[in-house]
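Just so you know, these numbers use all the heavy atoms, side chains as well, and skip hydrogens, waters and symmetry mates. Below, chain A is the first sequence line, B the second, and so on; all start at residue 1.
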Amino acid sequence: MPANRQVPLVGRETLGGAYHLLTFQHREAAREARAGQFVMIKAGSCAEPPLRRPFSILAVDPERETFTLFVKAVGDGTRTLCALREGEIAQCLAPLGRAFTLPPPGTEAVMVAGGYGIAPFRLFSEELRRAGRAGRVFYGGRAAADLQLRERFAPLGVPLVPATEDGSLGARGRVTVPLEAHLDGRPGPVRLYACGPDAMLQAVARLAEARGLAAEVSLDPWMGCGIGTCLGCVVLVRRADEPRPKYRCACTEGPVFDAATVVWPEHP
Amino acid sequence: MNLAVEVAGLRFKNPLIAASGTFGYGVEYEGLLDLSRLGGLVSKGLYLDPRDGCPTPRIVETPSGLLNAIGLQGVGVRAFVKDVLPRLARYDTVVLVNVCGDTVEEYAEVARILDGAPGVHGLEINISCPNVKKGGMAFGGDPVMTHEVVAAVRKATRLPVVPKLSPNVGDITVFARAAEEAGADALSCINTLLGLVVDVEARRPRLAFGTGGLSGPAIRPVAVRMAWQAARAVKVPVIGIGGITSARDALEFLIAGCRAVQIGTANFVDPGLYDRMLEDLAEYLERHGLADVNQIVGTLQYPLA
């Protein structure tokens, strides 16, 4: 069950650029969260901006009753959060939303991350290892500096393939290029999992459909409440047994959706 | 310390009510807060049939506020009666249902269905939603239509009727009096302010609907002023709404003449705010030597002597 708590920051690590790892005390999130679930959080001291922000849960420590977020300070909400000092309070509702589902036995989990979309895949890799499933990460970004946390997957037995648009690390270009190369190599049964910018998610969904692969995508629309009351974060979804698509809350029925059911907006 | 208030013949155990459109159907908050702590709650707006609502994006954050164009997505009144009301019956709180319609007849029909429904204590009439093409603000922006809708609902139900007025009018007292004459038992003041946020890169509105309704602390001074004007213009009680995030905010409305208040956007930010607000409200009254929240209502010293 999600719980609404005032949570102290108990640990922080400043990575390169504007990236931070923030660890908060929160019993329910620490004990119950599964990969793909998220928290709604804002710095307790700030009146502005008004709304909490959603973040995927990067890691949990059930014994210390903490969870860790991977946050890039880009706007007012993320900057005030990243400016918290240890012991200072944030307001936090967690854990929320639907998690990724494990692939069937013998099926490899192919994770596709764009930028800070890497966040849920660390926890997912731990779940895969515990369940005895194989995993692999394709991680794309603009430059090497955007591929944070990339060294934290090998210890979990999960190989990681980087791709950067400027060619500063791994293959040059979109992350879907090495991904397609891997799938072309007929690796055996795979299921795709994607988290990142909408354009990347859409590309993964198209590619999954073309190859007849199952895919789960984690969507990140603007959210107001996180619990399905503001109806601000809805996504058009059409399930197989339904005659027409319906608006569904990304916060309660997602953020992880079966890619084949998502009706993608026609973005410019 | 008495925090109970009476509005529209209904006893609210305290003057804090969760506002329509910001509290779902109430049951979404089960497990996060004890709904019995609330003075009352107002459901998301309901039409006869389910509604899809507006395309996305539907919300955008603004300075101290939120601009939304949700467009009254909802399950329809029958599903609400069948699936939600039995769950709400477990809580000791006043349940108001927000009634919508594309036509006067639809408002009346929804009211009729709710009239005999167990667990419904009153109806809030939505004549002020800015995010629908028909009904909503189109009715609340015209005093003749306001009168017609309220009178039609009044005829269709024995339940208390509480029209929710729009701030997007020149003189809210005209609308307050029209609603009162048509048989309103109380008034909710105010709904959201019509706004527009522009994406300057794309040179398009940020919301798919175009315009939206502005809520949150940004609108509070406007809301207090309009609730104050309405409260002076009518005899029926006024429920103040607009940007309340704390007991002090609520007190502004009470002092300005409101008998109760609704908390809206703040529900999104902190669903746990009611306990803190009730504590702070009681503390304020005690500090001012008052034993009853009703003693603070309408005590604004203005016009100044």
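Residue contact with chain A, scored on non-hydrogen atoms closer than 4.5 Å, involves the backbone of T22(B) exclusively. Heavy atoms closer than 4.5 Å to chain A are found nowhere in Y25(B), neither backbone nor side chain. Within the 4.5 angstrom heavy-atom criterion, atoms from both the backbone and the side chain of D52(B) approach chain A. Within the 4.5 angstrom heavy-atom criterion, atoms from both the backbone and the side chain of P49(A) approach chain B. Only the backbone of T62(B) comes within contact range of chain A, judged by heavy atoms closer than 4.5 Å. If you measure heavy-atom distances from R53(A) to chain B, the contacts under 4.5 Å come from the side chain alone. Neither the backbone nor the side chain of M40(A) has a heavy atom closer than 4.5 Å to any heavy atom of chain B. Looking at P55(B), the atoms closer than 4.5 Å to chain A (heavy atoms on both sides) sit in the backbone and in the side chain alike.
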Determine, step by step, whether I227(A) and L32(B) satisfy the side-chain contact (heavy atoms from CB on, under 4.5 Å) criterion, reporting the C-alpha distance in whole Å, the side-chain angles of both residues, the deciding distance to 0.1 Å, and the verdict.
CA-CA 10 Å; I227(A) 53 172; L32(B) 286 178; 3.7 Å; yes
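Taking CH2 of W222(A) as the reference point, atom CG of L66(B) lies at 10.0 Å (rounded to 0.5 Å). Here the SG atom belonging to C230(A) is positioned 11.0 Å from the CG atom belonging to N267(B), to the nearest 0.5 angstrom. Taking SG of C249(A) as the reference point, atom CD of Q73(B) lies at 6.5 Å (rounded to 0.5 Å).
Here the shortest heavy-atom pairing between L93(A) and P271(B) reads CD2-CG, 4.4 Å. Of all heavy-atom pairs spanning C225(A) and F268(B), the tightest one is CB-CD2, 3.5 Å. For D270(B) against Q91(A), the heavy-atom pair with the smallest separation is CB-OE1, 3.8 Å.
Between the side chain of R58(B) and the backbone N or O of L231(A), at least one donor-acceptor pair lies under 3.5 Å. Side-chain atoms of E61(B) come within 3.5 Å of backbone atoms of L51(A) as a donor-acceptor pair (strictly under, hydrogens ignored). Formation of a donor-acceptor pair under 3.5 Å by the E48(A) side chain with backbone atoms of P63(B) is not found in this model.
Within 6.0 Å of CZ on R248(B) lie no more than 12 heavy atoms contributed by other residues, nucleotides or ligands. A 6.0 Å sphere centred on CZ of R174(A) holds no more than 12 heavy atoms belonging to other residues, nucleotides or ligands. Heavy atoms of other residues, nucleotides or ligands lying less than 6.0 angstrom from CD of E86(A) number more than 12.
Between chain A and the options G24(B), S64(B), G31(B), G272(B), the largest number of non-hydrogen pairs under 4.5 Å is found for S64(B).
The cationic group of R51(B) does not satisfy the cation-pi geometry with Y247(A), failing either the under 6.0 Å distance to the six-membered ring centre or the 45° limit from the ring axis.
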